[in-house]
Every structure is written in C-alpha cells, then in structure tokens.
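Here is the structure we will look at.
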Amino acid sequence: MALFDPSASWIELTGFKLDCLVGICETEQKQVQPLEVDVRLHLPLDRAARTGDLRQSVNYAAVLDRVTFVAQHGQWGLLESLAGALCTLLLLEKGCDRAEVVVRKPAALKDLAMPSVRLARCRPSGFAPVGSLRSGCGGGGAERSQAADDAEVVEEVRDVRPGVALDVLAETPSGAVYRLRLAAGSRWSLPVEVAAQVLSGRVLVREPAEDDSDAEDITTHVAPGGVLARGAGVVLHAAGAAGATLLLVGQQKLGTYGGGGGGGTIPAYIALGSNVGDRSGHMCAALTLLQERCGTVAAVSQLYVTAPQHVADQPDFFNAACEIRTTLPPAALLRELKIIERELGRTAAADGEQYGPRVIDLDIVLYGSQEVDEQTVEGPLVVPHQLMRQRTFVLAPMCDIAPNLRHPGTGRTLKSEFKALCTAEAADGPKAARDGRLPQRVFPIRPDVYWPLGRRTYVMGVLNLTPDSFSDGGRGLDVDVTAAVTAAAAMVAAKVDVLDLGAESTRPGAERVTEEEEMRRLLPVIQAIRAAAGASASWGAKVVISVDTSRSKVAAAAIGAGADIINDISGGTFDAAMVPTAARLGVPIVLMHTRGTPKTMQSLADYDGDQVCGVVCDELFACVRSAHTAGLPPWRLIADPGLGFAKTPAQSMQLLRELPRFVSRLVRAPAAANGGGGGGGGCCASLVGASRKGFVGKVLGEPNPLKRQWGNAATVCAAVLAGADIVRVHEVDEMRQVALMSDAIHRGCLGDENAT
C-alpha cells in the first residue's frame with residue numbers, strides 16, 4: 001500500500017536547493033556540497049479551506065526555513081541520517097501524520113556519488129497529538145500530556161531540570177537535532193557547540209558586557225525564526241507566559257545534561273587544592289587518577305599559591321583546575337573524586353575542620369552547562385560550585401583553561417567573574433596582595449621550594465664540567481670535583497637561584513661524548529655539592545640544581561644524585577625516553593628549541609618565509625604537547641627559544657626582538673605584575689639563554705666570549721622586558737644586578753625577593 005493516500009490532502013515542496021556538510025569521508029566532511037530536497041507532508045487542509053482561517057493552514061516558508069536550518073547547521077554522515085532527521089522534524093508540524101523526504105546529491109564529489117535517498121515516516125496508529133512543533137514546556141497536566149504524545153514521535157524526552165525539556169529528534173554520530181522546550185520564566189545556557197532557531201515564544205538572550213564588569217548586561221529579544229549561530233554560548237530566558245521552544249542543531253551529540261562534548265562526553269571542570277606535604281606532587285597524582293578513572297584530561301591550568309581562608313593557622317594552598325571529558329553523571333563523578341581523595345591520603349580525621357589542612361581537595365566546579373542540586377552517597381552536590389564566584393583561587397586557574405566559558409547561573413564569562421572579584425578584593429589595596437587573597441602563579445621545584453612567577457626574574461648560573469665548552473671550557477672542572485664545588489659556592493655566594501651543570505659541550509660542531517663519560521663528569525659534582533657545608537649553613541643542600549643533558553639515563557642518574565630540574569637542549573627530541581622520564585620522576589624539565597644536533601644544527605637554519613619566531617613556537621609547542629600527553633602539567637614545563645641553536649646571528653636577534661610573542665605563545669604569562677590569573681598556555685615559565693653566544697660577539701665585534709659582558713647585559717634587559725622568568729648567565733653577580741634593576745623598572749619590584 002502506498003504511504004500517501006492519493007485522496008488525502010497533502011503539501012509538497014520540491015526542488016529547493018541548499019549546501020551542507022554530508023558524507024562519511026574526511027574530504028566530504030570538510031567541504032559543503034549542493035543538495036536538492038523534496039518534502040511531502042500529509043495533513044488536514046479542509047478546515048482552512050472551509051473557514052479561510054490562515055491559522056489552520058501551514059506556513060510553507062517557515063517549513064522550508066526549518067528544514068534548511070537543520071540541514072545546514074548539522075554535519076550528516078549519511079544522506080539517510082539527514083532524511084530521517086527531517087522526517088521527524090516534519091512530523092511535529094501541527095496535524096501532520098505522515099512525512100516523506102527525498103534528498104538528492106546531484107554534484108557529489110568524485111567517486112562519492114549518491115543519486116538520491118527517499119525516506120518516509122508516519123505517526124503510530126491511534127496517535128492523537130494535542131500540540132505541535134511550537135508547543136512550550138510547562139508544569140500543567142495538559143502540557144505534560146503533550147510531552148507524552150511527542151514521546152511517540154521523538155526518540156527520547158530528556159527532562160534537563162524543572163521547566164526545561166529536551167526532545168531528541170535525531171542523534172547520529174556526526175549530527176543531531178533537538179527541540180528545546182522552556183517553561184515560562186525558565187532559563188538555559190546554550191552550549192557553544194550548537195546552533196539554535198527560535199520556533200515560538202518570547203526569548204530573551206542575555207550577554208554580559210565584557211569590557212566593563214560593572215556595566216549592565218546586554219539583553220536582546222530574538223523573535224520566532226531568529227537564529228543564534230554556533231559559538232554564541234549565551235543564556236536563554238523564556239520571558240512569555242506560554243514559554244518558548246527552540247530548535248537545536250549540532251555537528252555532534254549534545255551531552256545528556258546540556259553541556260556538550262563529542263561522542264556523548266561532558267566537559268566537567270575540577271578544582272584541585274593541596275596544602276600538606278608535596279603539594280604539587282599530590283595534584284599530579286590526582287590528575288593521573290582522573291585520567292585513568294573519570295575520562296580524558298583535556299586541559300590543565302597553571303599552578304597558584306593562595307593563603308588559607310577561614311582557618312588561618314595552616315600552610316598556604318596550591319590550587320589548579322582541569323577540564324575532563326567524562327561520561328560519568330555528576331553523582332558518579334563526585335564518588336570517584338572522593339575515592340581518589342581517600343586513596344591519596346585525605347581522611348576526615350586528618351582534616352579536622354571543613355576548611356582545615358588537606359592532602360588533596362577535588363571539587364566539581366562546573367558540569368557542562370548543567371545546574372545540579374542533589375543528595376549523593378558522598379553528601380550534597382551543588383553545581384555550579386556555590387562558592388566559586390567568591391574564590392579567586394578557583395577563578396584564576398579556571399580562566400587559564402576556559403576564560404570565555406559562561407557561568408550557567410549568571411551568564412557571565414569566567415574572566416568577567418574573575419575581573420569583578422579581583423576588583424572588589426583589590427579595593428583593600430596592598431593588604432589583599434599581602435594577605436595572599438589574590439592567587440600567585442608559581443613554579444614548584446621540589447616540596448620545600450617554589451618560585452612565585454611574574455614578580456622578578458630568576459638567575460640560572462652556568463657551570464660547565466667540560467674541557468671544550470665554547471665560553472669557559474678547559475678550567476679542569478671535568479676532572480677536579482673540588483674546583484667545581486668551589487665554583488658553585490662562588491655562584492651561590494653571588495645569590496644565584498639555580499645552578500645549571502652540564503657535562504657535554506653543545507657548541508656548534510661539537511662531537512658527542514659517551515653516556516658513561518657524561519655521568520663520570522657530572523654525578524660526583526652533584527653529590528659533592530649536596531654534601532657541601534660552609535658559612536652559608538649547608539648551602540649545598542639548599543641550592544636548586546638543574547642538569548643540562550639530552551640523555552634520559554643521565555638525567556635519571558643526576559636526579560637520583562640530587563638534581564632538581566632537567567634542562568634538555570633538544571626539547572626531548574634526541575631521546576624519546578626523556579619526557580616520560582621527567583614525568584615518572586616528577587621533576588620539571590626545560591624544553592629548548594633546536595634542530596639537528598650540535599654538529600649539524602648550523603646547516604638547518606632555514607625558516608619558512610623568515611618567520612623565525614612563529615616557526616620556533618610551532619615546533620617547540622609540538623614538544624610541549626608531547627609532554628602534556630606524557631602526563632607533565634604546565635607547571636613542570638619551561639620553554640626556551642634556543643638562541644644560537646640552528647639559528648643565524650640575525651635570526652637570534654630577531655627572536656630577541658620578538659621574545660614577547662614567544663612568551664605569549666608558549667606561556668601566555670599575564671600582564672599583571674602580581675602574576676595571577678588568566679595565564680594558560682603550555683608551560684609555566686620561560687627561559688632565555690644568550691650569555692656569551694656567538695651572535696652577541698658578532699654584534700659587538702668581540703671574538704673573546706669572556707669579554708662580552710655588556711652585550712650579555714643587554715640581552716638580560718631584553719629578556720626581562722619580554723616577561724621571561726629565568727635568564728641563563730655566566731657572570732652571576734653582574735647579571736643578577738642587571739636583572740634586579742630591569743625588574744624594578746619593568747615590573748615595579750624593588751629589592752631582592754628570595755624564593756620561598
């Protein structure tokens with residue numbers, strides 16, 4: 001039997017053309033293709049014919065508008081998927097009990113032709129609809145009856161929360177369509193990954209004023225037929241008495257709780273805190289367990305230190321935030337977080353008070369755009385976190401990973417919330433900063449040492465344990481441990497922040513030494529420094545030591561002997577085990593940009609279009625992403641542009657001029673002098689090493705590296721002005737003074753501030 005009874009009334013709209021993304025091949029999914037669509041609706045037209053009442057008829061233009069909106073804003077793997085979604089959409093037209101869609105692809109990409117697809121659907125027998133595509137969502141019995149009727153047609157009805165219902169019209173792996181029904185007075189945060197078209201009702205769109213956190217929010221009215229493009233991420237309000245309905249279309253499934261995330265996952269944001277023991281180590285352990293049990297860790301913030309609140313007599317807190325993509329519902333996610341806390345050593349007895357010391361603290365800050373208020377086996381769960389808008393130590397790391405995310409309750413972006421809170425707390429003047437209420441970005445080195453970032457520039461002193469380094473080799477430090485320790489003590493007396501020990505020359509053209517020889521030169525000196533004692537009261541135990549090596553076994557042995565940081569000139573590219581070794585040992589690593597080896601690097605200084613800084617950033621960021629994948633968070637990564645390595649003198653000078661861009665790309669250090677808030681980026685800090693290098697000598701016309709002090713000083717000034725965090729130098733006393741004065745001018749830091 002034919003689907004359509006020739007004697008019945010029907011409407012046919014044929015031959016309209018549109019462009020959309022359709023196809024299962026990668027090529028098809030990247031290029032819109034022309035389609036031709038026919039639609040046929042069976043519905044009663046006799047009442048309109050008898051009465052002349054236009055309200056009993058169908059607005060053909062509106063039907064075509066909705067069909068076009070769904071087709072063009074989705075990404076459809078198969079023509080059948082698109083046709084099925086359109087049929088379901090048409091069946092929700094008032095009075096429509098049968099629908100047919102034909103989709104033709106007349107100009108398909110080569111070898112991907114599909115002449116046409118015809119798909120027809122009808123309402124189940126005995127179905128008696130009481131509403132239409134334009135019905136709102138309310139609390140009355142009749143309107144809930146409508147929801148039950150619609151459930152016969154739509155695939156699923158999801159009650160997101162009271163007054164908000166989501167009807168699933170179609171869900172495929174690559175495209176999805178929903179009808180959103182809002183009761184009068186209700187609101188819903190539109191996820192950034194979907195586009196919306198208003199079907200009926202009075203919809204107000206609330207957009208916060210970003211330029212001035214004190215300004216009034218901008219509220220606009222969107223009439224039926226109006227479209228909100230993907231990425232708008234606004235808050236919708238149903239202002240009319242009848243509520244409102246909207247059509248939602250995405251290129252992936254919308255998360256169950258209205259938060260988004262490909263493949264049915266939800267973006268959840270977790271706040272991490274610790275103020276007991278190895279604080280950064282506990283947080284890294286928590287991130288590892290989150291990845292194993294809760295989903296994919298998609299982004300991790302910088303690390304911040306904050307003074308304790310509520311209970312003042314306890315250590316300062318380290319705070320961070322991460323985004324995970326999870327399939328766990330909120331209560332199950334909370335359960336996993338509490339299990340992780342207990343496994344890492346947090347117990348109720350140890351915590352004492354609610355705001356007392358804790359090994360680790362994991363809180364769900366946001367769960368998609370969902371608002372949650374429920375009792376769980378772990379206690380009450382309220383999302384968004386009730387206190388997040390009052391806590392700069394939560395908002396600062398959240399701004400690192402999602403500054404433009406909107407708070408589901410207020411509709412303001414997180415960066416606006418953070419700015420408003422900082423403004424309020426800064427009204428107390430310098431006292432707020434002194435009390436530690438404003439979060440401070442930090443670089444943790446070991447459990448007892450961390451460096452506040454953004455306040456001043458730290459000085460790394462070079463100690464070459466080689467007979468052939470270009471600038472200071474041949475001093476016998478490779479064979480005389482006592483002389484090496486004496487040289488280290490002199491740098492410590494000059495107030496160096498970190499000693500950088502290298503046992504293999506990386507000068508241009510240098511041959512590699514064996515792994516055994518590198519360790520023979522290096523390990524005894526590290527051990528002797530750690531054992532050293534003198535007027536500075538065991539200075540050797542306190543000083544920070546980095547090891548300049550590109551071999552993972554040497555690095556592991558050096559860390560075992562007492563080193564704190566790995567400084568790899570290859571960015572982890574010479575030895576594939578280097579970055580995993582740093583992650584396993586839980587130590588920071590400097591990733592420097594280079595090409596080739598010291599023997600070949602000078603022949604590899606060809607940069608596309610002479611865009612040195614951009615290419616260096618791109619190539620080094622690939623190393624940073626590999627480090628993230630290996631489990632190293634941003635606060636354990638330092639970026640070095642590699643001046644003089646695979647770069648001509650002119651290119652090194654160009655990099656120096658463009659250092660602010662390098663810092664912005666790799667670290668995104670905030671402009672604020674206190675170093676807090678909105679950092680982001682792939683690394684926590686940047687390092688610049690220009691001391692005594694050949695390009696300095698070329699500019700000065702000075703062939704002797706030992707006579708390039710004034711040129712070195714100029715590069716230190718340039719690094720400080722660019723926002724670099726660490727400068728690597730040979731003349732510690734002199735360059736430290738240069739850095740201090742430059743910091744005083746650029747950052748407003750008066751006097752020396754020692755690391756905590």
Side-chain angles (χ1 to χ4, degrees), residues 11 13 16 18 37 39 41 43 45 48 53-74 85-96 99 129-138 140 142-143 146-147 149-150 153-154 157 160 163-170 176-191 194-207 218-250 254 258 411:
I11 293 174
L13 307 171
F16 66 93
L18 51 84
V37 179
V39 299
L41 299 85
L43 37 73
L45 300 177
D53 185 353
L54 189 62
R55 292 173 297 179
Q56 304 298 325
S57 185
V58 174
N59 185 333
Y60 309 140
V63 172
L64 288 180
D65 193 33
R66 286 192 283 271
V67 167
T68 301
F69 174 76
V70 168
Q72 292 186 332
H73 285 80
L86 295 180
C87 274
T88 305
L89 175 71
L90 295 172
L91 284 173
L92 293 180
E93 287 291 336
K94 184 176 182 180
C96 179
V130 296
S132 71
L133 183 66
R134 296 172 291 281
S135 297
C137 172
E143 289 169 311
Q146 163 63 25
D149 285 335
D150 283 348
V153 179
V154 302
V157 177
V160 179
V164 181
L166 198 64
D167 301 330
V168 181
L169 306 188
V177 185
Y178 308 88
R179 178 177 63 175
L180 174 69
R181 291 180 286 125
L182 301 175
S186 63
R187 68 175 188 272
W188 194 68
S189 296
L190 181 68
V194 301
Q197 183 183 46
V198 178
L199 299 175
S200 67
R202 185 165 179 255
V203 177
L204 298 179
V205 175
R206 180 180 177 186
E207 296 181 86
I218 301 170
T219 302
T220 56
H221 171 245
V222 182
V227 171
L228 297 167
R230 185 178 296 109
V234 294
V235 177
L236 308 174
H237 294 258
T245 61
L246 296 94
L247 194 60
L248 310 180
V249 181
L254 186 63

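The minimum heavy-atom distance linking Ala183 with Ala238 is given by the pair O-CB, 3.3 Å. Heavy-atom minimum distance, Ala184 versus Gly240: CB-O, 3.2 Å. For the pair Ala223 and Val198, the tightest heavy-atom approach, listed with the atom from each and the gap, is O-CB, 3.6 Å. Summarising the geometry of Arg66 relative to Leu89, their closest heavy-atom pair is O-CD2, 3.9 Å, with the distance given to 0.1 Å. Across Val227 and Gln197, no two heavy atoms sit closer than the pair CG2-CG, 4.1 Å.
Contact annotation: the side chain of Leu246 approaches that of Leu236 to within less than 4.5 Å [non-hydrogen atoms, C-beta and beyond]. Looking only at side-chain heavy atoms (C-beta outward), Val37 and Leu64 stay at 4.5 Å or farther from each other. Between Leu169 and Leu247 the shortest side-chain heavy-atom distance falls below 4.5 Å. Side-chain contact between Leu13 and Val63 is present, with heavy atoms from C-beta onward closer than 4.5 Å. The shortest side-chain heavy-atom distance between Val249 and Val194 does not fall under the 4.5 Å cut-off.
Within the model, atoms CG of Leu41 and SG of Cys96 stand 4.5 Å from one another, a figure rounded to the nearest 0.5 Å. Expressed to the nearest 0.5 Å, how far CZ of Arg179 lies from OG1 of Thr88 amounts to 11.5 Å. A distance of 7.5 Å separates CG of Leu228 from OG1 of Thr220, quoted to the nearest 0.5 Å. Expressed to the nearest 0.5 Å, how far CZ of Arg181 lies from OG of Ser200 amounts to 11.0 Å.
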### Message
Using side chain to side chain contact (heavy atoms under 4.5 Å, CB included), reason through Val177 and Leu86 one step at a time and then give a plain yes or no.
### Response
CA-CA 9 Å; Val177 185; Leu86 295 180; over 6 Å; no
